[in-house]
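Each chain gets a letter, A, B and so on, in the order the sequences are listed, and its residues count up from 1.
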Amino acid sequence: MIRSRVWFGPVLVAALATTLVFLTVPVLAIFLETTPAEIIRKLGEEQARDALWLSAQTTGAAMVLILVVGTPAAYLLATRRFRGRAFVITLIELPLVLPPAVAGIALLAAVGPSGLLGRYVEDAGLQLALTTAGVVVALTFVAAPFYLRQAQAAFAAVDGTQVDAARTLGSSEAAAFARVVVPGALPGLAAGGALALGRALGEFGATLMFAGSLQGVTQTVPLAIYDDFATDFDAALALSAVLVIVSAALLLSVKLVRGADAVR
Amino acid sequence: MLSAEARTEIVDAALEVGAGETLALAGPSGAGKTTLLRIIAGLTRPADGRVTVGNDVWLDTAAGVFTAPEERRCGYVFQEHALFGHLNAWRNVAYPLRALPRRARRARALELLDRFGLAARADAPVRELSGGERQRVALARALAVEPAALLLDEPLSALDPRTKAGAARELTMLLASLPDIPVVLVTHDFTDAATLADRVAVMDGGRVVQEGTAAQLAAAPASGFVADFTGAVVLTGTARAGAAGMTVVALDGGGEVQAAGAARGPAAVSVHPWDITLEPAGAAFAGSARNRVVGRVATVTDVGGRVRVAIDAAQPVVAEVTAAAVVELGLAPGVQVAASWKATATRITAR
């Protein structure tokens, strides 16, 4: 027993040290392979600017869709019991575990030009394949489940009698939702939003397959990185650096809201 | 006047509470007390029922009337208070005051908080309020809607025992200071019901099994269940140190009893009816039964094999004896008897 104590501790420390080195060195290398001045210069080039702007637009549009439709949907799932609820939740979570390539194929099969609903989409005047709108659809498809899952948990954690109290204090069900439930669940909703945002920013596979990689139209930052890495490694590094910084900021903000939540 | 009746899978009960009156719905958990409150507030919609307050009909299933809870002006203080954690104390109270202009809202909220001695805590976040403070904020918030009726669900159960006695006293005073509206409170504790309410309705299995003043229920319980539920006889007085570590309590209205516990000043002693024995008033002081109260028999009520005997003394006492003892002692209204019990069967609590 005494001998096991002697070796067990160091083994744990060695395992953690290895993990840390393995996970952080590649990320650090992005910044060590180039200089801040070079990063800024590369980001000024047209392709990088187009990619950054397109990523901001499409991610923003996807987040609006996710928040506007996903918030009430998550509330319903969290507060109402109905037949098939568990099945519905599983269906909604499926894109979480779907390989990105499968997500791309699935979108093509559903709303692509010759897909299941392709005709109706075209009739509605929407062009999805190889368009910016298609990028938004792909981002929404892969990122929405991250938000839905968090939002559902956040709403479920809000005490139901708070809604009852709001009702007796003169609020309709919708007003109670807006004035009591959403503020009460806000830390969880923000965390879910940050996770979905991170997922949407990094989306690669489904976008490439469904919308292609046209500069200024469908080429988001991850696609531009892929496009550059063989020809202009420094540009790829610069764009990667941006994604690392944004991702780190998102992670930090999730931790901060979670921390604030724990104090409440 | 609040009148409510409902028949659901859980409850089958009716109640009436006058303006300015407080009715306690008392009973074990699962008796349907909270369900009845929720039906009155409109949070639960029964298939069959009717709720009216004054001239307003809040619910009449026969006529297809259902007023939404937000339109009832029914004050409801929830068991765990249900304060909004993202708002501070005064914003909780101001929640229902949407119709007022911004500045008037805060002024009105402060006025209500001040009434409960909480003006200094107006800007405190909910998580920094103590249990007693939360309850008062919840009460102030419920009153902000200028309710036509006030409902309180287990107002004392969320408080720890140390603050409970003070909170009970405070709540009694607050209820007395309310505008003339009907008040219904739910409690699982008969003593709480007796101290807080004018009338008590004992519920069991979704039904009101007996209704009356606390003294009436203890003296003449309609069933063994009510008899057990009413629990101890409570006498009030002033405690001082006695001989041999005992405490002597001078009862309000005259008489003295001894108890084993320690207390000084205003105190309440309690004894269970089944620990009290009865004997002819002239009998010699017997055995180790050291406390003795003499009075006239007021009522004799059979409660399924046991008999409740209510005795009019300076403070009413209720004894529970066997049917044989009733015959032996010739117990009937008007007969003079002595009730006695052991000092060790006497519990004493500071008031």
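- Judged by distance alone, with hydrogens and angles left aside, the side-chain atoms of B:His86 form a donor-acceptor pair with the main-chain N or O of A:Arg179 at under 3.5 Å.
- In A:Arg149, the CZ atom is not crowded: 12 or fewer heavy atoms of neighbouring residues, nucleotides or ligands sit closer than 6.0 Å.
- Counted within 6.0 Å of CD on B:Glu128, heavy atoms from surrounding residues, nucleotides or ligands total more than 12; the atom is thus considered enclosed.
- Open room surrounds CZ on B:Arg207; 12 or fewer heavy atoms of other groups in view lie less than 6.0 Å from it.
- The closest side-chain heavy-atom distance from A:Thr161 to B:His81 is not below 4.5 Å.
- Contacts between B:Arg73 and chain A at a heavy-atom distance below 4.5 Å are absent for every atom of the residue.
- Pairing each heavy atom of B:Glu70 with each of A:Gly170, the nearest pair is CB-C, 3.4 Å.
- Considering only heavy atoms from C-beta on, A:Leu169 comes within 4.5 Å of B:Phe84 through its side chain.
- For A:Phe82, the CZ atom sits in a packed shell: over 12 heavy atoms of surrounding residues, nucleotides or ligands are nearer than 6.0 Å.
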- Apply side chain to side chain contact (heavy atoms under 4.5 Å, CB included) to B:Phe78 and A:Asp164, showing your working. CA-CA 9 Å; B:Phe78 291 83; A:Asp164 291 338; 3.7 Å; yes
- Message: If you apply the rule side chain to side chain contact (heavy atoms under 4.5 Å, CB included), what do you find for A:Arg167 with B:Leu43, and how did you get there?
- Response: CA-CA 8 Å; A:Arg167 300 290 309 269; B:Leu43 298 172; 4.1 Å; yes
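- Atom CZ of B:Arg98 has 12 or fewer neighbouring heavy atoms from other residues, nucleotides or ligands inside a 6.0 Å radius.
- Distance OG1/A:Thr168 to CZ/B:Arg141: 7.0 Å, rounded to 0.5 Å.
- Proximity to chain A (any heavy atom under 4.5 Å) is restricted, for B:Leu83, to the backbone atoms N, CA, C and O.
- Contact of B:Tyr95 with chain A is made through backbone and side chain together, with heavy-atom distances under 4.5 Å.
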